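What follows is a short report on a single structure.
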Amino acid sequence: MSSSRLGAVALRPRSTIALVLVSVAGVMAFLWPLFAGADSRLGHSADAPLLFALLLPLLLAVVLFEISEGGLDVKAVAMLGVLSAVGAALRPLGAGTAGLETVFFLLVLGGRVFGPGFGFVLGSTTLFASALVTGGVGPWLPYQMLGASWVGLGAGLLPRVRDRWEVPLLAVYGALAGLLYGVALNFSFWPFSTGLGSHLSFVAGAAPWDNLRRFALFSLATSAWWDLGRAVTNVVLIAVTGRAVLATLRRASRRAAFDAEVTFEPEPAPRHTLSA
């Protein structure tokens, strides 16, 4: 028997296009160092991450608006609020110490059950709410929100498998997502964190493969253990809680009947009784 997935947020053509465009812009925001020319302002200005940090919230607002326009009903909003609150409460338990991130497994499981649109929105709202709780608001927050949104989106796009393979599939995905999230966040601050002249430093105008080699060395030297810790945490939490959480979320989804069409029937005419 294959695992089921219920769409709590419908991705319509416009919202899908907006999501794709924002994702492309996000990839550019993360990977711009590989394409910055030697004479470009981006290559020599510490303002580049700030510019993208201001741009990304506007782009995220656009895609969230498009997704919510006719595709996010009251029941989905309620579920989104509950899971975002739970994620915001869980995150301080790890707070990234030694890579222990206790929030990403919930994004994976939520995206798996409720679909890619819900997973994308859940990633943004959870990271935003947790930043307010922990005081982690700063230029890095938009990058974190977009990265978490991709984690939830990817979980919703995973193929259907037999029930016994679902948790292992999600555990493997959680490990890869944890590693890639760390790599993406490293890209957001790497060009301005090592100074000049180091073999780990970003070199504006250098060949992309040369900068990728420098970036790989930088990641191995500075954050490899944290990224591995995040990946291992995701695997352990998904393996231990996956079946129970998936069953609970699917039960809530069935009761909410997200896929049911809402219809309004006219009120029946009152009956008139004849007196004796």
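Here the structure is a predicted model, which is why all the values come from computation and not from measurement.
- Exactly one of Phe218, Phe215, Phe30 qualifies for a ring pair (Phe, Tyr, Trp, His ring centres under 6.0 Å) with Phe187. That residue is Phe215.
- Judged purely by atom type and a 3.5 angstrom limit, Thr126 has no side-chain atom pairing as donor or acceptor with the backbone of Gly123.
- In this structure, CZ on Arg214 lies 9.0 Å from CG on Leu217, to the nearest 0.5 angstrom.
- Atoms CG and OG, from Leu141 and Ser130 in turn, are 7.5 Å apart once rounded to the nearest 0.5 Å.
- Rounding to the nearest 0.5 angstrom, the gap separating the CG atom in Asp227 from the CD atom in Glu101 is 10.0 Å.
- Put simply, Val133 and Val86 are part of two different groups of oily side chains (I, L, V, M, F, W, Y) that touch within less than 4.5 Å, one to the next.
- Hydrophobic cluster membership is shared by Tyr143 and Met145, with clusters built from Ile, Leu, Val, Met, Phe, Trp and Tyr side chains linked at under 4.5 angstrom.
- Side-chain heavy atoms closer than 4.5 Å link hydrophobic residues (I, L, V, M, F, W, Y) into clusters, and following such links, even through other members, never connects Val167 to Val236.
- Residue Thr102 comes nearest to Arg91 through the heavy atom pair OG1-CA, 3.7 Å, listed as atom of the first residue, atom of the second, then distance.
- Separation of atoms CD (Gln144) and OG (Ser149) is listed at 11.5 Å; rounding is to 0.5 Å.
- Closest non-hydrogen pair, Asn186 versus Ser223, comes out as ND2-OG, 2.6 Å.
- Smallest separation of non-hydrogen atoms from Ala252 and Met79: CB-CE, 3.7 Å.
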Q | side-chain contact (heavy atoms from CB on, under 4.5 Å) between Tyr181 and Trp150, intermediate numbers included | A | CA-CA 9 Å; Tyr181 176 86; Trp150 284 337; over 6 Å; no

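- Nearest heavy-atom pair, Leu106 versus Leu83, reported as atom, atom and distance to 0.1 Å: CD2-O, 3.6 Å.
- Taking the side chain as every heavy atom from C-beta outward, Thr248 and Arg251 approach each other to under 4.5 Å.
- Between the side chain of Tyr173 and the backbone N or O of Leu158, no donor-acceptor pair lies under 3.5 Å.
- Between Gly174 and Ile238 the shortest heavy-atom distance is CA-CD1, 4.2 Å.
- One hydrophobic cluster, built from ILVMFWY side chains closer than 4.5 Å, holds both Val183 and Val103.
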Q. Where do Phe114 and Leu122 land on the side-chain contact (heavy atoms from CB on, under 4.5 Å) test, with the steps shown first?
A. CA-CA 10 Å; Phe114 298 115; Leu122 180 63; over 6 Å; no

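- Taking Arg243 as the reference, nothing meets the salt bridge (Lys or Arg N to Asp or Glu O under 4.0 Å) condition, with sequence neighbours excluded.
- Checking side-chain atoms of Arg112 against main-chain N and O of Leu246 turns up no donor-acceptor pair under 3.5 Å.
- Leu90 is connected to Leu132 through a chain of hydrophobic side-chain contacts under 4.5 Å among Ile, Leu, Val, Met, Phe, Trp and Tyr, so both are in one cluster.
- Using modelled atom types, one side-chain atom of Ser23 and one backbone atom of Leu19 make a donor-acceptor pair closer than 3.5 Å.
- Note that CG of Leu220 is 11.0 Å distant from CH2 of Trp225, once rounded to the nearest 0.5 Å.
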Q: Test side-chain contact (heavy atoms from CB on, under 4.5 Å) on Leu170 and Leu109 and set out the steps.
A: CA-CA 8 Å; Leu170 295 177; Leu109 298 178; 3.8 Å; yes

Q) Would Val108 and Asn234 count as a side-chain contact (heavy atoms from CB on, under 4.5 Å) if you check the C-alpha gap in whole Å, the side-chain angles of each, and the deciding distance to 0.1 Å? A) CA-CA 9 Å; Val108 173; Asn234 288 346; 5.8 Å; no

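- When all heavy atoms are compared, the tightest approach of Trp190 to Asn211 is CH2-O, 3.3 Å.
- Of the residues listed (Val151, Thr125, Leu107, Leu153), the one engaging Phe120 in a side-chain contact (heavy atoms from CB on, under 4.5 Å) is Leu153, and it is the only one.
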